[in-house]
Amino acid sequence: MVAPFWGPTLDCPEPLRLAEFYQQVAGGELTVVTEAFVELRFDAFSLGFQRDLNYRAPTWPDPRVPQQCHLDFMAADLDAEQARIVKAGAVPTAVQPEPTTFRVFLDPAGHPFCLTTWRTPSGPSESR
């Protein structure tokens, strides 16, 4: 038997605030909301947000505090999606290694995440 994938959980100081940010970025439904944990449910998986009172934000690209994990979101129009998520509270990072196909941002808790054109009609072919 295989255990079904539920999804990643991000540590953060304010679970509801971060869950609401990602709901603005990617949609989904808040299905569990407590002071210590929030679930943002999608059709095939969920994102969890867990309170960590000792949370230290990643310092990407500086490796002193590693990024731990990051999320990628598809965007056929990087400029339009960037404007939308910045309005929601995302912060573009100073380092943008591949800005024509990936754009790197920090969420309100400091986790790096990306918008990418990969697997969209405007993105690079997968055969490259």
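Considering CD of Q68 and CZ of R56, their distance stands at 9.0 Å, rounded to 0.5 Å. Distance check, rounded to the nearest 0.5 Å: CG of L71 to SG of C114 gives 9.0 Å. T116 OG1 to L78 CG: the interatomic distance, rounded to the nearest 0.5 Å, is 7.0 Å. A distance of 11.0 Å separates CD in E39 from OG1 in T34, rounded to the nearest 0.5 Å. Put simply, CG on D11 and CG on N54 are 10.5 Å apart, with the number rounded to the nearest 0.5 Å.
Contact annotation: the side chain of L47 approaches that of F42 to within less than 4.5 Å [non-hydrogen atoms, C-beta and beyond]. Side-chain contact between R103 and P92 is absent, with no heavy atoms from C-beta onward closer than 4.5 Å. By the 4.5 Å heavy-atom criterion applied to side chains, E98 and T117 are not counted as neighbours. With a 4.5 Å cut-off on side-chain heavy atoms, L115 and V104 do not count as touching. Put simply, the side chain of P112 reaches to within 4.5 Å of the side chain of L106, judged on heavy atoms. At least one side-chain heavy atom of V95 sits under 4.5 Å from a side-chain heavy atom of W60. You'll find the side chain of E14 stays beyond 4.5 Å of the side chain of F49, heavy atoms only. The shortest side-chain heavy-atom distance between L18 and P13 does not fall under the 4.5 Å cut-off.
Residue pairs meeting the salt bridge (charged side-chain N to carboxylate O under 4.0 Å, His left out) criterion with at least one partner in residues 58-74, sequence neighbours excluded, are D62-R64.
Atom CZ of R17 is surrounded by 12 or fewer heavy atoms from other residues, nucleotides or ligands within 6.0 Å.
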(request) Apply side chain to side chain contact (heavy atoms under 4.5 Å, CB included) to the pair F102 and Q96, showing each step before the final yes or no. (result) CA-CA 8 Å; F102 280 90; Q96 295 291 332; over 6 Å; no
(request) Test side chain to side chain contact (heavy atoms under 4.5 Å, CB included) on I85 and F73 and set out the steps. (result) CA-CA 11 Å; I85 67 168; F73 297 91; over 6 Å; no
(request) Dump the intermediate steps for side chain to side chain contact (heavy atoms under 4.5 Å, CB included) on F37 and V32, then the final yes or no. (result) CA-CA 7 Å; F37 181 82; V32 175; 4.1 Å; yes
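In the hydrophobic clustering of ILVMFWY residues, with side-chain heavy atoms under 4.5 Å counting as a link, L40 and L16 come out together. Taking hydrophobic clusters as Ile, Leu, Val, Met, Phe, Trp and Tyr residues chained together by side-chain heavy-atom distances below 4.5 Å, L10 shares a cluster with F45.
Here the closest heavy-atom approach between residue V65 and residue A57 is recorded as CG1-O, 3.4 Å. When all heavy atoms are compared, the tightest approach of A109 to C12 is CB-CB, 4.0 Å.
A donor atom on one side chain and an acceptor atom on the other are not found under 3.5 Å apart for Q50 and T9.
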Please list, one pair per line, the donor and acceptor atoms closer than 3.5 Å that link side chains of residues 20-28 to other protein atoms, with sequence neighbours excluded.
unit_1, atom_1, unit_2, atom_2, d
Y22, OH, D107, OD2, 2.8
Q23, NE2, G28, O, 3.1

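H111 has its ring centre less than 6.0 Å from the ring centre of Y55.
Side chain of S122 to backbone of A76: a donor-acceptor contact under 3.5 angstrom is found.
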